[in-house]
J.: 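Structure incoming, see below.
The first residue of the sequence shown is numbered 1, and numbering continues consecutively from there.
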Amino acid sequence: MPWSNQNGGGGPWGGGGGGGNGNNKGPWGQGPNRPRGGGGGRGNGGPPDLEEILRRGQDQLKNVVPGGFNGGIVAIGALLVLGFVLMNSIYTVQPDERGVEMRFGKPKEEIAMPGLHYHFWPFETVEMVKITEQQQNIGSKSGVGNQAASGLMLSGDQNIVNVQFSVLFSVTDPKAYLFNVEDPADTLQQVSESAMREVVGRRPAQDIFRDNRQAIAADVKTTIQATMDTYGAGISVNTVAIEDAAPPREVADAFDEVQRAEQDEDRFVEEANQYSNQVLGRARGQAAQNREEAAAYKDRVVKEAEGEAQRFISVYDQYVKAPEVTRKRLYLETMQDVLGKSKKVIIDEKDGQGVVPYLPLNEIVKPATTATTGGVQ
């Protein structure tokens, strides 16, 4: 072999087999002989001995851990197991949480309040429940997926509306929340969607769009709370907020056109009501004026009639006292009134002397006309 030619037939350390001139030395100056004596792992400059290192480590471990190496491993393992058990047995409940301890899967009566607690793990476990207000959103504004389909509802007037709303709730009974319902969040979402569909299905679409959202939200909240109480879910519904209500995208343009038509109808109705109020106002004013004029005419005629009657009574009283004088006076006043308005000219034949006298008829007629018009020229 190659090393045999170089070192006289010895092994890789320069010796082997029979004598030769290798002097039984290896690459470190000696052969692979075990060191003699207890001088250490590198005898006479040789390589470290692994068994010697392990032996020394065992000796040191005996000084540190009672029972030697094997006993120390057991003690360390026991300490590790004990630490792991303690780490899983101690837990902390945050201020917004409540803990429900379970022994062999059965919940205990007491509820763990905020703070540090201990339980016997693994025989006992604990479940944490957040009791602060939480929000459940139903319907999707993006209009995609199952979340969007959950917002599509049929109103009482056979219109399809897309309703997005949220339910704010808090946990009042952590034990019931964990064990009475399998998935409380999913159950609440399904119950909320069903309640909203029921309430919207009884009302026209206009109520959910603009007119009566608050009443709809109040009815939905009452229905959700009653249903969750029936399930014993340990949930208190605080608020139902309708965030948006709109028609589906496929009919949005037609719906907008209908809305504009309804707005035009409202405007025309308002204009008609305004015109009607104006005409009725004028008519009522004219009617009031006519009534006032009729009442004034009535009063005037009645007063004139009463005055004439009173005058007749006074004349009659005078006539009773002096019939002849009164009769003659009435005759003269009547003739004066009648002849004073006449345009006839009467000439006495006795004074005519057979000659047609000159009569200024224009001058004669004027006094008669003046007397007729009450003396106004």
Side-chain angles (χ1 to χ4, degrees), residues 156-157 202-216 218-219 257-377:
D157 53 359
R202 296 197 303 260
R203 296 173 177 266
Q206 193 66 25
D207 285 356
I208 189 64
F209 285 141
R210 288 195 302 267
D211 295 344
N212 209 3
R213 285 192 180 184
Q214 295 296 329
I216 291 176
D219 291 346
E257 187 65 27
V258 172
Q259 293 295 313
R260 287 192 291 270
E262 291 180 353
Q263 292 175 2
D264 292 340
E265 178 185 4
D266 295 339
R267 180 170 57 84
F268 293 150
V269 170
E270 291 298 329
E271 291 177 355
N273 291 334
Q274 183 179 1
Y275 176 74
S276 173
N277 293 332
Q278 292 177 355
V279 174
L280 287 176
R282 288 196 296 268
R284 292 190 180 100
Q286 187 66 35
Q289 180 181 357
N290 293 338
R291 286 194 297 269
E292 293 296 330
E293 291 178 355
Y297 175 75
K298 173 185 175 182
D299 293 339
R300 181 172 60 82
V301 171
V302 169
K303 293 300 182 183
E304 289 178 354
E306 291 176 352
E308 291 293 332
Q310 188 65 33
R311 186 178 66 84
F312 179 80
I313 292 173
S314 63
V315 171
Y316 177 75
D317 292 339
Q318 296 299 324
Y319 174 77
V320 172
K321 295 178 181 179
E324 293 296 333
V325 176
T326 304
R327 189 181 299 113
K328 186 174 182 179
R329 179 183 174 185
L330 291 174
Y331 174 77
L332 293 175
E333 289 179 353
T334 303
M335 294 302 297
Q336 180 182 359
D337 184 58
V338 172
L339 296 178
K341 299 176 181 179
S342 176
K343 296 181 180 180
K344 293 182 179 182
V345 177
I346 301 174
I347 300 174
D348 190 0
E349 294 180 353
K350 296 180 180 180
D351 297 333
Q353 299 177 358
V355 179
V356 178
Y358 169 74
L359 296 177
L361 296 179
N362 294 333
E363 297 296 331
I364 294 176
V365 172
K366 278 185 177 182
T369 305
T370 302
T372 303
T373 57
V376 180
Q377 299 294 332

J.: Test your reading of the model: is there a side-chain donor-acceptor pair from Asp337 to the backbone of Glu333, 3.5 Å cut-off?
T.: no
J.: Any donor and acceptor pair, going by atom type alone, linking the side chain of Ser314 with main-chain N or O of Arg311 inside 3.5 Å?
T.: yes
J.: Enter the distance from Arg202:CZ to Asp207:CG here, rounded to the nearest 0.5 Å.
T.: 11.5 Å
J.: Rounded at 0.5 Å granularity, tell me how far CZ in Arg291 sits from CD in Gln286.
T.: 10.5 Å
J.: For Glu293 and Gln289, does a side-chain donor sit closer than 3.5 Å to a side-chain acceptor?
T.: yes
J.: Could you tell me which non-hydrogen atom of Ile208 sits nearest to which non-hydrogen atom of Arg213, and how far apart they are?
T.: O-NE, 2.9 Å
J.: Of all heavy-atom pairs between Pro323 and Val320, which one has the smallest distance, and what is that distance?
T.: CD-O, 4.0 Å
J.: If I take atom CZ from residue Phe268 and atom CG from residue Asn273, how far apart are they, to the nearest 0.5 angstrom?
T.: 13.5 Å
J.: Below 4.0 angstrom, N of the basic side chain to O of the carboxylate: do Glu271 and Arg267 qualify?
T.: yes
J.: Are there more than 12 heavy atoms of other residues, nucleotides or ligands under 6.0 Å from atom CZ of Arg327?
T.: yes
J.: Between the main-chain N or O of Ala322 and the side-chain N or O of Thr326, is there a donor-acceptor pair closer than 3.5 Å?
T.: yes
J.: Enter the distance from Lys303:NZ to Asp299:CG here, rounded to the nearest 0.5 Å.
T.: 7.0 Å
J.: Look at atom CD of Gln336 and say whether more than 12 heavy atoms of other residues, nucleotides or ligands are closer to it than 6.0 Å.
T.: no
J.: Can you tell me how far the NZ atom of Lys321 sits from the OH atom of Tyr316, to the nearest 0.5 Å?
T.: 12.5 Å
